[in-house]
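Remarks on the structure that follows.
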Amino acid sequence: MTAPTDDRLGFAPDSEAPLSYMARTRDYYLAIGYDTPYRWAHYTSAPFQPLRKPLTQSRVTIVTTAAPFDPAKGDQGPGAPYNGSAKFYSVYDGDTSAQHDLRISHIAYDRTHTSAEDSGTWFPLPQLIRLAREGRIGAVGPRFFGAPTNRSQRVTIETDAPEILARCRADAIDAVVLVPNCPVCHQTVSLVARHLEANGIATVVMGCAKDIVEHAAAPRFLFSDFPLGNAAGKPHDPSSQAFTLDLALRVLESSPAARTTVQSPLQWSEDHSWKQDYSNPALLPPDELARRRAEFDAQKAIARGLRE
């Protein structure tokens with residue numbers, strides 16, 4: 001119930017505050033029987049690399065947590081259930097001059113409020129190419145890079161981030177836009193961004209899980225208060241996608257210091273009730289929680305076999 005003082009002072013409802021994904025996922029996994037809470041990466045300071053040259057002269061690329069579509073790996077289409085077999089476990093790259101079919105069925109995006117039909121919401125390469133053509137950036141790097149979504153921060157910090165740095169250096173990259181999807185994706189790209197900045201490459205994270213990115217102290221962050229899976233803008237809305245990437249580049253250019261967060265003014269909808277649905281154990285009956293535990297265990301076994 002809204003207090004009379006809230007109405008008089010114009011306060012927004014608490015339901016419009018950003019969703020705490022760390023708390024929500026902690027409650028969810030406790031509800032399905034995992035008793036040890038996950039330890040999220042936490043830093044209180046961050047490296048910071050200003051752009052070494054104007055953005056109009058800079059070579060920019062993308063780091064994504066989306067996976068290349070592989071028809072041999074099961075359902076990866078729009079609306080597909082979580083598909084652990086579609087995961088990847090090492091850094092990959094792709095030719096930015098070619099078209100790519102990247103999917104997000106392997107990660108825990110918001111399947112209730114996200115259609116996963118429009119890859120422009122999680123892979124802004126076409127928008128970046130347009131900006132290069134218009135002279136907003138100097139050039140698009142010859143390759144983009146895929147960062148594995150890994151619950152092990154050690155693997156991300158010691159293996160994947162250095163590999164992405166090496167490939168960026170090989171391509172003479174000046175700046176990187178990192179686009180996560182699921183909660184752990186947001187941690188992964190924040191750790192990669194920190195490593196790149198500590199080694200001389202400017203970055204900006206475009207994401208939807210504010211608490212996770214700020215907990216990991218990403219150097220620059222554009223926050224869109226959208227359901228997970230839409231960090232690059234609304235689906236089937238090119239103007240939203242163009243605005244979101246342009247705003248991310250402005251954050252890249254103008255951030256005065258490390259740990260700068262800018263919130264996009266775009267809203268998903270006037271109705272903020274979508275924030276109640278994501279992995280909310282209070283909305284799930286016991287038999288559904290048990291089913292999800294069994295499904296999660298099965299997917300973990302599949303993923304373990306693929307790694308081996």
Side-chain angles (χ1 to χ4, degrees), residues 15-16 18-19 21 24-25 28 62-71 73-88 94 99-128 130 144 146 149 177-186 188-189 205-210 212 222-248 264-280 283-284 288 291-292 295-296 299:
S15 61
E16 295 186 14
L19 175 57
Y21 285 98
R24 181 67 61 82
T25 55
Y28 175 78
I62 292 169
V63 169
T64 179
T65 58
F69 173 66
D70 182 343
K73 292 184 176 179
D75 188 1
Q76 299 150 73
Y82 173 75
N83 180 357
S85 65
K87 279 184 176 291
F88 59 98
Q99 291 190 340
H100 296 272
D101 185 2
L102 300 187
R103 309 286 181 97
I104 55 174
S105 65
H106 64 295
I107 44 184
Y109 70 91
D110 188 331
R111 284 171 166 77
T112 302
H113 299 281
T114 302
S115 65
E117 295 174 350
D118 179 9
S119 64
T121 67
W122 64 79
F123 185 55
L125 180 58
Q127 292 287 350
L128 194 66
R130 174 185 60 80
F144 70 89
T149 297
V177 178
L178 302 99
V179 191
N181 294 287
C182 69
V184 177
C185 297
H186 283 74
T188 295
V189 301
V205 174
M206 301 167 64
C208 302
K210 185 173 186 283
I212 295 171
L222 172 64
F223 170 55
S224 294
D225 198 8
F226 293 169
L228 296 178
N230 298 280
K234 294 183 179 181
H236 309 297
D237 188 342
S239 63
S240 167
Q241 296 168 17
F243 176 86
T244 301
L245 181 57
D246 183 68
L247 184 55
S264 170
L266 300 181
Q267 290 192 47
W268 183 253
S269 70
E270 293 296 324
D271 181 2
H272 291 261
S273 63
W274 60 267
K275 297 178 184 181
Q276 296 300 313
D277 294 329
Y278 182 80
S279 293
N280 189 342
L283 302 180
L284 300 171
E288 176 61 15
R291 185 195 69 78
R292 292 191 180 199
E295 178 184 67
F296 188 76
Q299 291 290 352

Donor-acceptor pair, Q241 side chain versus P124 backbone, under 3.5 Å?
no
Tell me the closest heavy-atom pair linking S224 and T244, and the distance in Å.
OG-CG2, 4.0 Å
L178 CG to L222 CG distance, which is reported to the nearest 0.5 Å
12.5 Å
Measure across S240 and F226 and return the closest heavy-atom pair with its distance rounded to 0.1 Å.
OG-CE1, 4.5 Å
Short side-chain to backbone donor-acceptor contact, T121 and G229, under 3.5 Å
yes
side-chain hydrogen bond (donor to acceptor under 3.5 Å, both in side chains) assessment of D271 paired with S269
CA-CA 5 Å; D271 181 2; S269 70; 5.6 Å; no
Residues forming a side-chain contact (heavy atoms from CB on, under 4.5 Å) with P18, sequence neighbours excluded:
K210, F223
Separation between CD1 of I62 and CE of M206, rounded to the nearest 0.5 Å:
8.0 Å
Would you check if the side chain of T64 reaches a backbone N or O of A66 as a donor-acceptor pair within less than 3.5 Å?
yes
Is the shortest heavy-atom distance from the side chain of S105 to the side chain of D75 under 4.5 Å?
no
State which residue, out of T65, L228, V184, fulfils the side chain to side chain contact (heavy atoms under 4.5 Å, CB included) condition with I107.
T65
Got a sec, which residues hit ring-ring contact (aromatic ring centres under 6.0 Å, His included) with F123, two or more places apart in sequence or on another chain?
F144
When T114 is tested against each of P235, P227, P78, C208 for side chain to side chain contact (heavy atoms under 4.5 Å, CB included), which residue passes?
P227
Ignoring hydrogens and angles, tell me if any N or O in the side chain of Q267 forms a donor-acceptor pair with the backbone of P265 under 3.5 Å.
no
My understanding is that only residues two or more places apart in sequence, or in another chain, count here; which of them pass ring-ring contact (aromatic ring centres under 6.0 Å, His included) with H236?
none
With a 4.5 Å heavy-atom cut-off, do P180 and V205 have their side chains touching?
yes
Less than 4.5 Å apart, side chain to side chain, heavy atoms only: is that true for D225 and K275?
yes
Those residues that, when tested against K234, pass salt bridge (charged side-chain N to carboxylate O under 4.0 Å, His left out) (two or more places apart):
none
With side chains defined as the heavy atoms from C-beta onward, is the minimum distance between Y21 and Y278 less than 4.5 Å?
yes
I'd like to check the side-chain hydrogen bond (donor to acceptor under 3.5 Å, both in side chains) partners of D110; sequence neighbours left out, ordered by chain and number.
none
From L284 atom CG to Y28 atom OH, the distance as rounded to the nearest 0.5 Å:
7.0 Å
Checking R111 side chain against G79 main chain: does a donor-acceptor pair fall under 3.5 Å?
no
How long is the straight-line distance from OG of S119 back to CG of L125, given to the nearest 0.5 Å?
9.5 Å
Closest contact, heavy atoms only, A231 versus G207
CB-CA, 3.8 Å
Rounded to the nearest 0.5 Å, what separates atom CH2 in W122 from atom CG in N230?
8.5 Å
Would you name the heavy atoms of W268 and H113 that are closest together and state the gap between them?
CZ2-O, 3.3 Å
Is there a donor-acceptor pair closer than 3.5 Å between any side-chain N or O of T188 and the backbone N or O of T149?
no
Rounded to the nearest 0.5 Å, what's the gap from CG on L245 to CZ on R130? Could you check?
7.5 Å
ring-ring contact (aromatic ring centres under 6.0 Å, His included) partners of F88, counting only residues at least two apart:
Y92, H106
Minimum side-chain heavy-atom gap C185-Y109 below 4.5 Å:
no
